[in-house]
Amino acid sequence: DAGITQSPRHKVTETGTPVTLRCHQTENHRYMYWYRQDPGHGLRLIHYSYGVKDTDKGEVSDGYSVSRSKTEDFLLTLESATSSQTSVYFCAISEAQETQYFGPGTRLLVL
Amino acid sequence: AQSVTQLDSQVPVFEEAPVELRCNYSSSVSVYLFWYVQYPNQGLQLLLKYLSGSTLVKGINGFEAEFNKSQTSFHLRKPSVHISDTAEYFCAVSDPGNTGKLIFGQGTTLQVKP
């Protein structure tokens, strides 16, 4: 299995609070991605990174920001969490724009 | 924009029966195609992928898929399923050279009954 960890694995928070999710890889892969998974929608891309300090928006980026200061870490921040951001968040990595390897996911509940 | 349609949200099947999970995509240009499996409360695991070459792709756990460019389809098949194949299956597509961003289908839940 690809060396990808996500933290925390579960989080409950209140509307309006900031939340940061962390993705950490030990594979030295160039590309990193954040997806959210919701019933009936599959997985949808939030943001992605193609190198240190190089990031871009995905399909559902509103309300989210990201940062990548080191190759191994990709942070997803919800500046002010809303109930619509209750979801399961997955990080993925890839080296050559081909196969993506996924982390175990973070379950976020916004009350 | 790219889109992926998985034609069945749920597929119930008896153990040892064959199964086909259907996937259609919208692009008319070259694409990479993937099938991922998700077991309960876990992340996604790659089953198989099509990048180029032979249109019949074999993956892990006895699964295979066939790329059909004229029908823009990439259906997943297994000749004999096991209880342990019960999971959610996702079809995904990406544009070669476009930072590898994946577009996923909505998912198909495979329910294998004894």
Side-chain angles (χ1 to χ4, degrees), chain A residues 1-7 9-10 21 23-25 27 29-51 54-61 66 68 74 87-108, chain B residues 1-10 21-26 30-53 57 59-60 65 74 76 87-110:
Chain A
D1 289 346
I4 311 169
T5 56
Q6 293 185 232
S7 59
R9 295 292 313 280
H10 303 270
L21 308 183
C23 177
H24 179 77
Q25 61 149 327
E27 306 295 324
H29 282 358
R30 177 182 176 188
Y31 299 92
M32 299 185 76
Y33 310 83
W34 276 108
Y35 295 89
R36 60 178 289 174
Q37 182 180 21
D38 304 290
H41 290 279
L43 279 79
R44 292 177 292 175
L45 182 65
I46 304 172
H47 282 280
Y48 65 98
S49 170
Y50 46 96
D54 292 324
T55 66
D56 205 349
K57 296 179 179 179
E59 178 187 0
V60 290
S61 59
V66 290
R68 192 171 178 199
F74 192 32
S87 188
V88 182
Y89 291 85
F90 286 99
C91 174
I93 64 173
S94 71
E95 179 54 33
Q97 299 180 28
E98 296 176 357
T99 305
Q100 290 187 22
Y101 300 95
F102 285 79
T106 294
R107 289 186 177 274
L108 177 66
Chain B
Q2 286 266 22
S3 66
V4 177
T5 302
Q6 292 183 239
L7 295 156
D8 305 292
S9 60
Q10 294 190 9
L21 306 184
R22 298 179 293 168
C23 173
N24 286 95
Y25 62 96
S26 63
S30 296
V31 293
Y32 293 156
L33 293 157
F34 305 85
W35 275 99
Y36 285 87
V37 59
Q38 184 181 34
Y39 299 104
N41 299 312
Q42 294 187 25
L44 277 71
Q45 179 182 2
L46 180 70
L47 268 181
L48 48 79
K49 62 184 178 183
Y50 172 80
L51 304 180
S52 65
V57 179
I60 62 171
F74 191 55
L76 181 71
E88 190 158 20
Y89 293 78
F90 292 95
C91 180
V93 63
S94 71
D95 287 332
N98 189 20
T99 68
K101 291 183 289 183
L102 288 174
I103 304 298
F104 282 87
Q106 302 90 330
T108 297
T109 300
L110 176 63

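When reading the values below, keep in mind they use all heavy atoms of this one structure, side chains included, and skip hydrogens, waters and symmetry mates.
- The two residues A/Phe90 and B/Gln42 make their nearest non-hydrogen contact at CZ-O, 3.8 Å.
- Residue A/Arg44: no heavy atom, backbone or side chain, is found under 4.5 Å from chain B.
- Atoms OH and NZ, from A/Tyr35 and B/Lys101 in turn, are 9.5 Å apart once rounded to the nearest 0.5 Å.
- With a threshold of 4.5 angstrom between heavy atoms, A/Leu43 approaches chain B through its backbone and through its side chain.
- For B/Gln6, no part sits under 4.5 Å from any heavy atom of chain A, backbone or side chain.
- For B/Leu46, the part sitting under 4.5 Å from any heavy atom of chain A is the side chain, from C-beta outward, and nothing else.
- Using a 4.5 Å heavy-atom threshold, the side chains of B/Leu44 and A/Gln100 count as separate.
- Contacts of A/Gln6 with chain B are absent, with no heavy-atom separation under 4.5 Å from either backbone or side chain.
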